[in-house]
Amino acid sequence: MRLHKVLFIVGVSALLFSCGGSKKVVSRSKKPIPKRVITRTTEEVKPAVKEDKRSVFANLSYKERVPYYVYEYAGIAKAEMKEFGIPASITLAQGILESGAGAGDLSQRANNHFGIKCHDWTGERVFHDDDRRQECFRKYDHAETSFRDHSLFLSGRKRYASLFKLRKDDYKSWAKGLRKAGYATDVKYPAKLISIIERYQLYKYDNEVLGKTTKPRKDKEVIKETNPTPIKQVEGVHVVEKGDTLYSISRKYKIKVADLKAYNGLKDNGIQLGQVLKTKPTSKDDSTNEF
């Protein structure tokens, strides 16, 4: 009996050993399946939009824009007159007419206030419908550069040489001479420039450069020499008036003087009559945009 049990146990063990030894073990490594991560935002993220003086001009009517345009660029036009001899009145009138007083498409997109086309230009450019569809126009980083290029454009071309023989205070002859030299094809171009100069008394800036006294005109169409009427619909803007200081302006809008200087990129406390100042930042990411 015992022998039978022993033989039975040995037989079972042998059977188990043979089965286990012949079985191949295959191991497979499973690659982890990446989980899909879904992120949700509670509000839309928008890129910071730079807002400068051009957007202010665009929000005003033409009648309202012109005084602001003159205050903004008269100093530049006078500086160009001193260096190149082009009457400041002509430069301002052309800028107002060509740019729609700062709200035209080219001045908005390209800081091009005089409609100067590419020609031999190697810088940035934009395309705009003019005499033909999608013509090439020069693009500038700043409006001031457009004024300088206007001076270089006129003084550097032979066909405009006759203009510089005219008196610097003879804006009528300059207006007529521009069209005669081929600056514009519109037969009414000289009359338009002269009308703008006389309506807004732009000739006074020529006299300031030349050291002459401007005699007041009695023409009813002449705009009075006052600051532009404050525009309520343009928020965050203050036009410097007589007696204003950075401190008084900061008190009026309940902001710090340091913040007011930062909003406008001012390095000192000097401000000028008619200067347009921002009274609040234009975006969270850029509180010192040039205005």
Side-chain angles (χ1 to χ4, degrees), residues 46-80 82 88 91-92 95-96 99-104 107-108 111 113 140-148 199-202 204-205 208-209 214 216 222-291:
K46 297 182 179 180
V49 178
K50 292 187 176 182
E51 180 183 348
D52 58 10
K53 55 178 170 286
R54 292 175 294 169
S55 61
V56 175
F57 287 139
N59 291 333
L60 309 179
S61 68
Y62 179 81
K63 185 177 180 180
E64 293 168 330
R65 288 197 305 269
V66 174
Y68 279 92
Y69 189 94
V70 173
Y71 273 115
E72 188 69 34
Y73 298 114
I76 297 174
K78 287 165 61 178
E80 295 299 307
K82 291 177 182 178
T91 299
L92 286 171
I96 292 169
S99 74
S107 58
Q108 290 281 302
N111 282 314
H113 285 235
Y140 308 99
D141 291 333
H142 306 285
E144 292 83 350
T145 312
S146 176
F147 278 74
R148 172 51 55 94
R199 179 171 174 78
Y200 296 98
Q201 299 187 79
L202 303 183
K204 70 181 181 181
Y205 299 109
E208 288 176 8
V209 174
T214 302
V222 171
I223 302 300
K224 294 181 180 180
E225 295 185 55
T226 59
N227 288 326
T229 303
I231 310 289
K232 293 183 180 180
Q233 66 267 32
V234 181
E235 297 181 358
V237 172
H238 177 83
V239 180
V240 177
E241 300 176 347
K242 186 176 181 180
D244 277 348
T245 64
L246 288 182
Y247 178 72
S248 66
I249 296 171
S250 67
R251 289 289 299 273
K252 180 177 180 178
Y253 296 97
K254 298 179 181 181
I255 57 178
K256 297 179 181 179
V257 172
D259 291 337
L260 184 60
K261 292 171 70 175
Y263 300 159
N264 296 278
L266 300 177
K267 296 181 180 179
D268 53 41
N269 294 332
I271 53 177
Q272 298 179 350
L273 185 66
Q275 184 175 355
V276 182
L277 296 176
K278 290 188 297 184
T279 57
K280 62 180 182 180
T282 54
S283 70
K284 293 181 180 179
D285 297 327
D286 187 0
S287 62
T288 57
N289 290 334
E290 182 182 358
F291 185 80

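Atom set for the values below is all heavy atoms of this structure, side chains included, hydrogens, waters and symmetry mates excluded. For clarity, every value in this text was computed on a predicted model and none was experimentally measured.
With rounding to the nearest 0.5 angstrom, the CD1 atom of Ile96 is 7.0 Å from the OH atom of Tyr200. Asn269 CG to Lys261 NZ: the interatomic distance, rounded to the nearest 0.5 Å, is 4.5 Å. In this structure, the separation between OG on Ser146 and OH on Tyr73 is 9.0 Å, given to the nearest 0.5 Å. Between Asp259 atom CG and Lys254 atom NZ the span is 15.5 Å, to the nearest 0.5 Å. To the nearest 0.5 Å, atom CG of residue Leu92 and atom CD of residue Glu80 are 11.0 Å apart. Note that CG of Leu277 is 12.5 Å distant from OH of Tyr263, once rounded to the nearest 0.5 Å.
Remark: Tyr62 OH is packed, more than 12 non-hydrogen atoms of other residues, nucleotides or ligands lying under 6.0 Å away.
Between the Glu72 side chain and the Pro67 main chain, no donor and acceptor come within less than 3.5 Å of each other. Using modelled atom types, no side-chain atom of Arg65 and backbone atom of Gly102 make a donor-acceptor pair closer than 3.5 Å. Not a single donor-acceptor pair under 3.5 Å links the side chain of Ser248 to the backbone N or O of Asp244.
Considering all non-hydrogen atoms of both residues, Lys278 and Asn264 come closest at N-OD1, 2.6 Å. Minimum heavy-atom separation, Tyr140 to Asn111: O-ND2, 3.2 Å.
A heavy-atom distance below 4.5 Å is not found between the side chains of Arg199 and Val66.
His113 and Phe147 have tilted rings, their planes meeting at an angle from 30° to 60° on a 0 to 90° scale.
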